[in-house]
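For reference, the structure discussed in these notes is given below.
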Amino acid sequence: MKTVWISDILNGKHDGQKVELKGWVKRSRGSNKIRFIVLRDSTGSIQCVAKRDSVGDECFENIKSALIESSLIIHGEANPDERADGGYEIIVDSVEIVGPVNPETPFPITESAMAAADGGETEFLLDNRHLYLRTTRMTTMLKLRSTVFGAIHSYFRDLDFIEYQAPNFVAGAVEGGSTLFEVPYFGRKAYLTQSWQLYAEAAMPALERLYTIAPSFRAEKSRTRRHLTEFWHAEMEVAWADNQEIMSYGEGVVRKIAGSLLDERSEELASLGRDLDVIGRYADSKYPRMRYDEAVETLQGLGVEIEWGQDLDYSKEKILTQDFDVPHFLTHYPKIAKPFYHRVDPDDDKYVLCHDLLAPEGYGEIIGGGERTWSEEEILARIDEEGTPREPYQFYIDTRTYGGVPHGGFGLGVDRVCSWLSGADHIREVIPFPRDSRRVTP
RNA sequence: GCCGAUUUAGCUUAGUUGGUGGAGCGUGGGACUGUUAAUCCCAAGGUCAUGGGUUCGAGCCCCAUAAUCGGCGCCA
């Protein structure tokens, strides 16, 4: 007999047919004469009804013994039925328990554990993440996440970008050295990469338009809802592009992600309580661009204490973005607030040609990017100015020595985008096994 | 790194002025012919995070430690 997907039954594709279902027990209830099993597979869940009279005593007792998360193969007839949640149910002919659950070790993710988390997480659920993944909420998050990754790939590939991979073991830092994970490397020290960018710049003269989605690692002891020590970083680099052009790619990919979620996952978004009109606005709007100076003035006008030259920390981002209804770009930060690879604005050397994209609803920065310092003379000056050693960056400097060209790119925090668009309370909710300063297990 | 909080059964929790810890979920047994987190009855299940201290007596008061959670800095 043909195994069918539960979603296909719920879509009415098997009305009145004898079908085989393979899945796991989501819930089980009933009396001495009739038993209801809510079976789930990766596509959905459906009520299966077994009557003692029709399945026989032995099968009925078997069904009663199938605890939550037992895996089953069920044969039966698919029928529309108003009494069943979802409008369809299976009239059971037979049940085979494939993987039983021992009553002495029942599935630990109970209703009470879920209710306490209130759509978020608790220590217990984090400790049992490998099992929590099976719940509707986590499954929904993982499906949204898959769509986000797919949308990023489609966006860049449709524009003829080349997907390009950089090493994860590296010798030097992109950001400040204090946030590097050091790993022993055959008697030497190596580090886990913080960004694909420097290696992408090396390939920029060869491929011109390149992108990746890869993990980045940062040893920040951050305890916030926006930080992970291992996060998924979508980065891109383009030859001959200026800051404005790079921003248009950033806007393009975020709009594409929002649009793909609406097209492919509107049901899941709605189940999380997401307003589809809001997601639609993110997919269809232009994202305004604002200079750093303007942001500082706005904040000062709101009575926020901030001096020119200070980087915008989260508390200020939050105030700034609270009235935004779409993401905004912030450009032209002071040179002193940014690392050496940002290109100094030729019109005013107090600034660099960079941008951050700030998401609304209090989610903050999701993209950081800009033009790169591209002439050999300038890159050497800026490296020395910051007191950064030249040696680990020799390959990076060589990129400029041999036919340097204007170029730029950005990095997008994929998990942050997932968190924002799904409306999650914490970035941990959108990644299967989150890593932060306190947790590397399970 | 800084600030704040939490820790009682497998899970979620109540616990009064300090006087030998109650419940719900889950599990086991029983009842029930259609349930929707089914319902009803019964049972098992606790060194109250760890280590000290105060006290005739500590889940409760004090100190230390640990783990965890939240916020900040830093960033994607």
Side-chain angles (χ1 to χ4, degrees), chain A residues 26-38 45-54 64-65 67-69 81-86 89 91 101-118 120-128 131-132 174-176 178-179 194-197 213-235 250 310-318 337-339 356-359 363-369 410-420 425-428 436-439:
Chain A
K26 190 175 178 184
R27 226 183 291 289
S28 178
R29 55 179 172 259
S31 70
N32 199 28
K33 297 278 166 56
I34 186 167
R35 196 82 200 160
F36 302 91
I37 296 239
V38 179
S45 56
I46 191 168
Q47 172 165 291
C48 304
V49 186
K51 292 177 181 170
R52 186 187 283 277
D53 291 346
S54 45
K64 274 173 78 176
S65 74
L67 298 185
I68 287 176
E69 289 305 313
D81 195 305
E82 285 177 1
R83 291 171 295 184
D85 189 22
E89 67 180 18
I91 308 300
V101 170
N102 188 329
E104 286 172 19
T105 54
F107 191 67
I109 315 297
T110 59
E111 289 291 341
S112 58
M114 295 283 289
D118 191 27
E121 289 162 322
T122 60
E123 183 186 354
F124 177 76
L125 293 177
L126 287 165
D127 287 341
N128 290 280
L131 302 175
Y132 186 44
V174 177
E175 311 291 345
S178 62
T179 62
Q194 297 181 305
S195 168
W196 161 96
Q197 180 195 323
I213 307 178
S216 285
F217 305 88
R218 295 191 187 169
E220 295 161 347
K221 288 187 179 173
S222 307
R223 302 189 49 70
T224 79
R225 61 188 63 190
R226 306 177 303 285
H227 286 85
L228 295 167
T229 53
E230 175 182 347
F231 67 96
W232 285 82
H233 210 172
E235 297 183 84
Q310 258 183 288
D311 207 352
L312 297 177
D313 60 43
Y314 177 67
S315 62
K316 303 194 179 57
E317 275 181 13
K318 204 170 171 182
K338 293 286 178 182
D356 286 353
L357 182 63
L358 306 182
Y363 285 89
E365 186 175 348
I366 52 173
I367 280 181
F410 65 73
L412 175 148
V414 183
D415 316 278
R416 283 188 178 178
V417 169
C418 292
S419 182
W420 162 51
D425 290 334
H426 199 294
I427 195 169
R428 277 196 307 246
D436 63 31
S437 61
R438 303 264 178 114
R439 183 176 289 278

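Within every chain, numbering begins at 1; the chains are lettered A, B, ... in the order of the sequence lines, protein sequences first and strands thereafter.
For Pro106(A), taking side-chain heavy atoms from C-beta onward, the closest of the listed nucleotides G26(B), A76(B), G73(B) is G26(B). Closest contact between the side chain of Lys51(A) and the listed nucleotides C32(B), G73(B), G34(B) involves G34(B). The side chain of Ser31(A) has C32(B) as its nearest neighbour among A76(B), C32(B), C72(B).
In this structure, Arg27(A) pairs ionically with Glu111(A), as a charged nitrogen and a carboxylate oxygen lie closer than 4.0 Å.
Stacking between Phe231(A) and A76(B) is present: the aromatic ring centre lies within less than 5.5 angstrom of the base six-membered ring centre, and the two planes differ by under 30 degrees.
Using a 4.0 Å heavy-atom criterion, one finds that Gly411(A) contacts the sugar-phosphate atoms exclusively. Note on Arg35(A): nothing from the nucleic acid sits closer than 4.0 angstrom, heavy atoms only. Heavy atoms of Glu89(A) sit under 4.0 angstrom from at least one base atom. At a threshold of 4.0 angstrom between heavy atoms, the contacts of Ile109(A) with the nucleic acid are absent. Residue contacts shown for Ile68(A) are absent, as no nucleic acid heavy atom lies under 4.0 Å away. Counting non-hydrogen atoms under 4.0 angstrom, Asp311(A) reaches the backbone sugars and phosphates but no base.
A search for salt bridge (Lys or Arg N to Asp or Glu O under 4.0 Å) contacts involving Arg52(A) returns Asp57(A), Glu61(A), not counting sequence neighbours. Legend: residues meeting salt bridge (Lys or Arg N to Asp or Glu O under 4.0 Å) with Asp85(A), ordered by chain and number and at least two apart, are absent. Partners of Phe124(A) under the ring pair (Phe, Tyr, Trp, His ring centres under 6.0 Å) rule, at least two apart in sequence or in another chain, do not exist in this structure.
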Could you write out each protein N or O paired with an N or O of nucleotides 9-15 of chain B at a distance under 3.5 Å?
residue	atom	partner	partner atom	Å
C11(B)	O2'	Ala113(A)	N	3.3
C11(B)	O2	Ser112(A)	OG	2.8

Atom pairs under 3.5 Å, N or O on each side, protein against nucleotides 1-8 of chain B: can you list them with distances?
residue	atom	partner	partner atom	Å
G1(B)	OP1	Lys221(A)	NZ	2.5
G1(B)	O6	Lys221(A)	O	3.1

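If you find the closest nucleotide of RNA chain B to Trp232(A) and to Asp85(A), the one lying nearer the 5' end belongs to Asp85(A).
Residue Arg226(A) places none of its side-chain N or O atoms closer than 4.0 Å to OP1 or OP2 of A76(B). Of the side-chain N and O atoms in Arg27(A), none sit less than 4.0 angstrom from OP1 or OP2 of G26(B).
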- Message: Taking Watson-Crick (N1-N3 plus N6-O4 or O6-N4) and G-U wobble (N1-O2, O6-N3), each under 3.5 Å, can you produce the dot-bracket string of RNA chain B? Use [ ] for crossing pairs and | for inter-strand ones.
- Response: (((((((..((((.....[..)))).(((((.......))))).....(((((..]....))))))))))))....
